[in-house]
Amino acid sequence: CDGNNFSPPLAISGVPAGARSLVLIMDDPDAPAGVWDHWIVYNLPPTTEEFVEGEPPPGMLGLGTADNTNYEGPCPPSGVHRYFFKLYALDAELPLPPGATKPEVEQVMAGHILEQTELIGRYSRS
């Protein structure tokens, strides 16, 4: 809301040897209407080492809460919100077309998660 709305740079390391794909989900659990999905990327190559600021990642883009398939930056209506970046290493690629929703991605990846991690950022508008 308050900037250029570029996706952030992220570094990835320690992907397990058996990983066939990665999933990144960014959401805001503090949104007034419930969890707001800002960014969903799946079927990332397991060799992905970074997300370059402002550039599309090398995976399939899912459909966020605002019908967005690209990164949607923080825009809390009030107060400080938490933004979770959740990264999953999977033992399979997901048989989903582009534009899958977070519930669809989570349902299909269930039982295929080798490892997961998360990064939490906080943001409030000026």
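Residues Glu115 and Gly14 share a closest heavy-atom pair of OE1-O, 4.3 Å. Shortest non-hydrogen contact noted between Pro77 and Pro32 is CG-CG, 3.7 Å. Taking every heavy atom of both residues into account, Val35 and Lys102 meet most closely at CG1-NZ, 3.5 Å. Pairing each heavy atom of Val108 with each of Pro95, the nearest pair is CG1-CD, 3.6 Å. Contact record, Pro76 with Ser124: CG-CA, 4.1 Å, taken as the closest heavy-atom pair. Heavy atoms only, all atoms of each residue included: Pro16 and Leu114 are closest at CG-CB, 4.1 Å.
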task: Give the intermediate values and the outcome of side chain to side chain contact (heavy atoms under 4.5 Å, CB included) for residues Met109 and Tyr42.
output: CA-CA 10 Å; Met109 74 180 192; Tyr42 50 98; over 6 Å; no
field: side chain to side chain contact (heavy atoms under 4.5 Å, CB included) assessment of Val41 paired with Val23
entry: CA-CA 6 Å; Val41 187; Val23 172; over 6 Å; no
message: Show, in sequence, the C-alpha distance, side-chain angles and deciding distance for Ile113 and Leu90, and conclude whether the side chain to side chain contact (heavy atoms under 4.5 Å, CB included) test is met.
response: CA-CA 5 Å; Ile113 300 171; Leu90 308 179; 3.7 Å; yes
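Evaluation of the side-chain hydrogen bond (donor to acceptor under 3.5 Å, both in side chains) rule for Arg82 yields Asp30 as partners, not counting sequence neighbours. Applying the side-chain hydrogen bond (donor to acceptor under 3.5 Å, both in side chains) criterion to Asn70, with sequence neighbours excluded, gives no partner residue. Scanning for side-chain hydrogen bond (donor to acceptor under 3.5 Å, both in side chains) contacts around Arg20 gives an empty result, with sequence neighbours left out.
Considering CG of Asp37 and OG1 of Thr65, their distance stands at 3.5 Å, rounded to 0.5 Å. Between the OH atom in Tyr88 and the CG atom in Leu24 there is a gap of 9.5 Å [rounded to 0.5 Å]. Atoms CD1 and CG, on Ile12 and Leu87 in that order, are 5.0 Å from each other to the nearest 0.5 Å. The line from CG of Asn43 to CG of Leu61 is 11.0 Å long, rounded to the nearest 0.5 Å. Atom-to-atom distance recorded for Asp27:CG and Tyr83:OH is 10.5 Å, nearest 0.5 angstrom. Met60 contributes atom CE, which lies 13.0 Å from atom CD1 of Ile40 (distance to the nearest 0.5 angstrom).
In this structure, the side chains of Cys75 and Arg125 come closer than 4.5 Å at one or more pairs of heavy atoms. Two residues are said to be in side-chain contact when any heavy atoms from C-beta on lie closer than 4.5 Å; Ser7 and His38 fail this criterion. Side-chain atoms of Pro9 and Glu50, non-hydrogen and from C-beta on, never get closer than 4.5 Å to each other. For the pair Pro57/Leu44, a side-chain contact is recorded, criterion being any heavy-atom separation below 4.5 Å from C-beta on. Counting heavy atoms from C-beta outward, Glu93 and Pro46 have side chains that stay 4.5 Å or more apart. Side chains of Trp36 and Glu72 form a contact here, defined as non-hydrogen atoms less than 4.5 Å apart.
Other residues, nucleotides and ligands place no more than 12 heavy atoms under 6.0 Å from the CD atom of Gln107. Under a cut-off of 6.0 angstrom, the local environment of CZ in Arg122 is sparse, with at most 12 non-hydrogen atoms contributed by other residues, nucleotides or ligands.
For the ring pair (Phe, Tyr, Trp, His ring centres under 6.0 Å) with Phe51, the qualifying choice from Phe85, Tyr71, Trp39 is Trp39, the only one to do so.
Remark: side-chain polar atoms of Ser21 are paired, donor with acceptor, to backbone N or O of Ala92 under 3.5 angstrom. Side-chain N or O atoms of Thr101 include none that pairs as donor or acceptor with a backbone N or O of Leu63 at under 3.5 Å.
Under a hydrophobic-cluster definition in which Ile, Leu, Val, Met, Phe, Trp and Tyr are linked whenever side-chain heavy atoms come within less than 4.5 Å, directly or via other members, Leu10 and Tyr123 are assigned to the same cluster.
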